[in-house]
Amino acid sequence: MVSRRAVLGALGALGALGAGAAGVSAALGGEEPLPPRADQAVAGGAMSTPKGGSNGFTPAVRRLLVQSERLFSAQRGKEITFLTVAPPGVETLKLPMVLLLHGLYGKAQDALVGNLPDVLVSAVAKGAVPPFGFVSVDGDNNYWHENVAGDDPMGMLLEEVPRWLADRGFSRPVACAGVSMGGFGALLYARRKLERKERIKAVAAISPGLLTSWAEMSKRKAFQDAGQWESLDPLRHPDKLKNLPVGVWVGDRDPFIEGTRKFIQAVRPEVGSVTPGGHNDEFYRTITPDVVRFLGKQLSTT
């Protein structure tokens, strides 16, 4: 039986999620511990931003529409969090949704890295991008594939998420984005969609967890063996994303910089950004405006 629960508080990182409409603060995510609250707070429904502003987008001053539910995933064999985020003041019926995947040791709310919610609201309010929302789910630590028999996060993304969105009046996922392990997962998801002849409009990978050696990847215990990893690794299959708009953002001090540089060289994505920064929320804040612009541009195409 499917259970449904509106969450009133989101583990500190999301501020208050008020039964479907509330203010959202920056979500902490990825594979490194981050400072609490990340210098962003919710006060009276308005979001404050850290020093330096938000890279061209003014702070959001209206509340996001947020719904967090607990649903049973048959593909994963367990209950998971299903989180939707939509800008205020827009029609949510058939609203285009971007699948947003979290990093290692994360949960659904952790996919909203940096000031991403703030930037989305501001960009939509200004008309800089067409209205769209985000949807995220719990994927645990399996690099978004069936590492454990009977627990298939990718199957959940492909088979169940579209139905859950349709049941709530949203569109199916029209694009995918992810951070760290979620960046790996987003690239793999895009490949699977193309293989199923279900083309999406774009894929955005933020600090994607692309490693160049099995010795390092094996430490994550996310693949049965080197052969399985190599068969799924986006770095080893750049041709699988042919003709799909791809955006990649990584900091020059990121532990995944070597693999990500090689991926950018192989794929020649529409956006291949290497800028100062590490694998943390401070870096994510510097690139979220570009990520939102990239997604908005691709969603504008017919």
Side-chain angles (χ1 to χ4, degrees), residues 1-31 34 36-38 42 63-86 92 95 97-114 116-117 120 132-148 150-173 176-186 189 206 222 281 284:
M1 180 177 178
V2 175
S3 65
R4 177 171 179 149
R5 183 177 68 196
V7 177
L8 300 179
L11 304 180
L14 281 178
L17 297 182
V24 179
S25 69
L28 306 181
E31 300 168 7
L34 299 170
R37 301 290 293 176
V42 176
R63 292 182 173 186
L64 284 166
L65 304 178
V66 178
Q67 181 70 47
S68 181
E69 305 174 55
R70 295 292 289 175
L71 303 177
F72 181 78
S73 167
Q75 291 286 333
R76 298 206 58 207
K78 63 175 67 176
E79 198 174 75
I80 58 92
T81 295
F82 177 79
L83 180 71
T84 57
V85 176
T92 57
L95 181 70
M97 299 296 283
V98 174
L99 189 59
L100 189 60
L101 307 183
H102 65 72
L104 198 64
Y105 310 124
K107 296 293 184 181
Q109 66 271 12
D110 298 316
L112 291 164
V113 294
L116 189 57
L120 174 64
F132 68 90
F134 290 115
V135 55
S136 60
V137 289
D138 295 340
D140 290 338
N141 303 321
N142 296 323
Y143 266 67
W144 297 98
H145 78 104
E146 191 175 11
N147 180 41
V148 178
D151 184 355
D152 187 0
M154 185 58 65
M156 173 182 62
L157 300 181
L158 294 170
E159 303 295 342
E160 295 179 308
V161 169
R163 183 174 73 251
W164 293 337
L165 285 171
D167 288 346
R168 288 150 185 81
F170 296 108
S171 81
R172 60 179 174 77
C176 187
V179 59
S180 196
M181 179 191 77
F184 182 109
Y189 173 84
I206 301 169
D281 217 50
Y284 302 146

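If you read the sequence from its start, that first residue is 1, and numbering goes on from there. Scope of the values below: all heavy atoms of this structure, side chains included, with no hydrogens, waters or symmetry mates.
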Value for CE (Met156) from CZ (Arg163), rounded to nearest 0.5 Å, stands at 12.0 Å

Shortest non-hydrogen contact between Ala86 and Leu64, atoms and distance: O-CD2, 3.6 Å

Contact summary for Ser68 and Leu83, nearest pair of heavy atoms: CB-CD1, 3.6 Å

Rounded to the nearest 0.5 Å, the OG atom of Ser136 sits from the CG atom of Leu112 at a distance of 5.5 Å

Quick check: do Arg168 and Phe82 have side-chain heavy atoms less than 4.5 Å from each other? yes

Are the side chains of Thr84 and Thr92 in touch, meaning some heavy atoms are under 4.5 Å apart? no

What distance separates Met154 CE from Gln75 CD, expressed to the nearest 0.5 Å? 11.5 Å

Are any of the side-chain heavy atoms of Ser180 and Tyr105 separated by less than 4.5 Å? no

Residues 133-142 vs salt bridge (Lys or Arg N to Asp or Glu O under 4.0 Å), sequence neighbours excluded, gives Arg70-Asp138, Arg76-Asp140, Lys78-Asp140, Lys107-Asp140

Looking at CG of Asp110 and CG of Leu101, how far apart are the two atoms once the value is rounded to the nearest 0.5 Å? 12.5 Å

Nearest-0.5 Å distance, CD1 of residue Ile206 to CG of residue Leu100: 7.0 Å

Show the numbers, then the answer: is there a side-chain contact (heavy atoms from CB on, under 4.5 Å) between Val135 and Phe170? CA-CA 10 Å; Val135 55; Phe170 296 108; over 6 Å; no

Residues in ring pair (Phe, Tyr, Trp, His ring centres under 6.0 Å) contact with Phe132, at least two apart in sequence or another chain: Phe134

Determine whether Gln67 and Leu65 make a side-chain contact, defined as any pair of heavy atoms from C-beta on separated by less than 4.5 Å. no

Between Leu116 and Val85, is any pair of side-chain heavy atoms under 4.5 Å apart? no

Do the side chains of Trp144 and His102 get nearer than 4.5 Å, heavy atoms only? yes

Nearest-0.5 Å distance, OG of residue Ser73 to CG of residue Leu157: 9.0 Å

Taking all non-hydrogen atoms of both residues, which atom of Pro173 and which atom of Tyr189 are closest, and how far apart? CB-OH, 3.8 Å

Quick check: do Met97 and Ser171 have side-chain heavy atoms less than 4.5 Å from each other? yes

